[in-house]
Amino acid sequence: MANNEELFKQIISHAKEYGFIFPSSEIYDGLSAVYDYGEYGVELKNNIKQYWWKAMVQYHENIVGIDSAIFMHPTIWKASGHVDAFNDPLIDNKDSKKRYRADVLIEDHIQKIEDKINKEVEKAKKRFENFDETLYRQTNQRVVEYQQKIDDITARYAELMNNTDLAGLKALIEELGIVCPISGTKNWTDVRQFNLMFATQMGSVAEGADTIYLRPETAQGIFVNFLNVYKTGRMKIPFGIAQIGKAFRNEIVARQFIFRMREFEQMEMQFFVRPGEELKWFDYWKQNRIKWHQDLGIAPENYRFHDHEKLAHYANAATDIEFKFPFGFKELEGIHSRTDFDLSQHEKYSGKKLRFFDSETNESYVPYVIETSIGVDRMFLAVFSHAYTEEKLEDGSTRVVLRLPAKLAPIKAAVLPLVKKDGLPEKAREVMDMLKPYMMCQYDEKDAIGRRYRRQDAIGTPYCITIDNQTMEDNTVTIRERDSMEQKRVPIKELLADIKF
RNA sequence: GCGAUAGUAGCUCAGUUGGCAGAGCGGCGGCUUCCCAAGCCGCAGGUCGCGGGUUCGAACCCCGUCUAUCGCUCCA
């Protein structure tokens, strides 16, 4: 593990040193958990987005894309559940330094009392023949007292939660004598609340203005445009809407480099299906998405599914595609069967019918939804950290090489005159100009050729094209391949056909 | 947010008891070189994370603070 930590640090510093990722606002000491993409980072990121967009929108005739605004009507976040569900009251124990959700502490306490009741019932079961459990629960004094306690706590707890009465929650925890499972003490901090959505105001006068949230997911922009796209795109079920865009979450702690950032980018697709067919499509997208990952040529053992046992209230099936990051297997992409929850909620809150008329079955219904949701930044980190390799060469030297999939590499080809004389630079410029319209290229004439190869290795350029004296005679160049370091000689006019990405 | 660790040139780091701010690599400009980093010459690059205190004098001691990594916690 210490080794992996070391490796992860090297990856982070490589990303910075070679212009992939910089800490945000660095000259002002940085801004916690926010990062900027540099000159190569933006290329890699754009290539990832393009690879996704092509796989989803271009290859699927029944999927179209949209680009919805980050600002949305505030009621959308009430309908989606984000306003309520993403407000966790948190409390710390000062002795153990552990943090808990205040509501979970209280619920656990209630559970303990319930356990006591069950114990009584079990005991009684053994003692009496012809045991009537319902009657026992209603009449046994101890059980009745426990049950009253539960009802009392539950009622007060519900009210406190509804009123977001944080001081009241703390008082209740203290009154119930809830202790920290680790330290065993009742030395609690105040209950604090972290709203996971960033809020701002729309309108020039703050007082009269509505609170607007920066979207915490791109999915809702798709749901609220369901009707528009369905009609203008002449879509027939099953069909999908894809979107790539920024989302914002005020994470309590954002860690692990770009894995969890406060501002991040999502690639989401919502696939609308006939009710009852959702699990079939869930399975289809599960297979389709894992294939997308593996088509990059990254070994399959780096991926695994993690099926959710506990499902969110809106889902009836959910799985994560996890990737083996340097800090362990972590979620890279989520595939969720969201039922008709979102569209139904928006029907309720907007008063508009969000239904599809199925001419095959001659009925109209709220479609069920399969969602695929992947973080661009996480995908970047997956690809980047997997590609980073320190290699020991035969001569005992080492080289750092980014074995990026060629189609994602920021620079596809470097054009290098072997020496800076004899007209080689001029010839190299010609080759450069020929390739430029078709791919990102780089020209470099500084330093010994070996050093230039290493520089390209460090940013993951799959091909180095070298112009030498023979080029001047027969218009051929050498192509040096990044991973094998092998070279072959090809005519300049065949160069474009020979570079594959 | 709590705890641990760290922060000196672009990177990696040294800096003696508190006494002139250093090295290697990298970058840039040359020289050399016909194929895989570490040949030669030269140049640039520093609020020692930031703020305060102690001191004749602070990169070094003290206090505060920011940022990062890890752990706890949370998670679409």
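Residue numbers start from 1 in every chain, and the chains themselves are labelled A, B, ... in the order their sequence lines are given, proteins ahead of strands.
For the residue pair Tyr388(A)/Glu390(A), the side-chain donor-acceptor check at 3.5 Å is satisfied. For Thr218(A) and Glu268(A), the side-chain atoms include at least one donor-acceptor pair closer than 3.5 Å.
When each of C36(B), U69(B), C74(B) is scored by its nearest atom to the side-chain atoms of Phe8(A), the top-ranked nucleotide is U69(B). For Tyr35(A), the side-chain atoms get nearest to A68(B) when compared with the rest of A68(B), C11(B), C36(B).
With hydrogens and angles ignored, a donor-acceptor pair under 3.5 angstrom links the side chain of Arg480(A) to the base of C36(B). Between the side chain of Asp468(A) and the base of C35(B), at least one donor-acceptor pair of N or O atoms lies under 3.5 Å. Arg260(A) contributes a side-chain N or O that forms a donor-acceptor pair with the base of C75(B) under 3.5 Å.
For Glu331(A), the side chain to side chain contact (heavy atoms under 4.5 Å, CB included) test picks out Asp320(A), Arg378(A), with sequence neighbours left out. Residues passing the side chain to side chain contact (heavy atoms under 4.5 Å, CB included) test with Asp340(A), sequence neighbours excluded: Ser344(A), Val366(A), Tyr368(A). For His73(A), there are no ring-ring contact (aromatic ring centres under 6.0 Å, His included) partners two or more places apart in sequence or in a different chain. By the side chain to side chain contact (heavy atoms under 4.5 Å, CB included) test, Thr200(A) is found to be paired with Phe71(A), Ile212(A), Leu214(A), residues two or more places apart in sequence or in another chain being considered.
Residue Lys421(A) is in sugar-phosphate contact alone, with no base atom involved, counting any heavy-atom pair closer than 4.0 Å across all strands shown. At a threshold of 4.0 angstrom between heavy atoms, the contacts of Pro23(A) with the nucleic acid are absent. Counting any heavy atom pair closer than 4.0 Å across all strands shown, Gln470(A) reaches no nucleic acid atom.
G24(B) and C62(B) are spaced 32 Å apart, taking the P atom of each and rounding to whole Å. For the C1' atoms, the distance linking U67(B) with C41(B) amounts to 40 Å, nearest Å.
When each of Arg480(A), Gln442(A), Arg451(A) is paired with Gln456(A), the side-chain hydrogen bond (donor to acceptor under 3.5 Å, both in side chains) condition holds for Gln442(A) and for no other.
A parallel orientation is assigned to the rings of His14(A) and Phe20(A), their planes being inclined by less than 30° (bins at 30° and 60°).
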Protein N or O to nucleotides 22-28 of chain B N or O, pairs below 3.5 Å:
residue	atom	partner	partner atom	Å
G26(B)	OP1	Arg451(A)	NH1	2.9
G27(B)	OP1	Arg455(A)	NH1	2.6

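For the contact set between residues 341-349 of chain A and RNA chain B, defined by any heavy atom under 4.0 Å, there are no members.
In terms of position along RNA chain B, the nucleotide closest to Val34(A) lies nearer the 5' end than the nucleotide closest to the other residue of the pair Glu331(A) and Val34(A).
At the phosphate of U32(B), neither OP1 nor OP2 sits under 4.0 Å from any side-chain N or O atom of Lys420(A).
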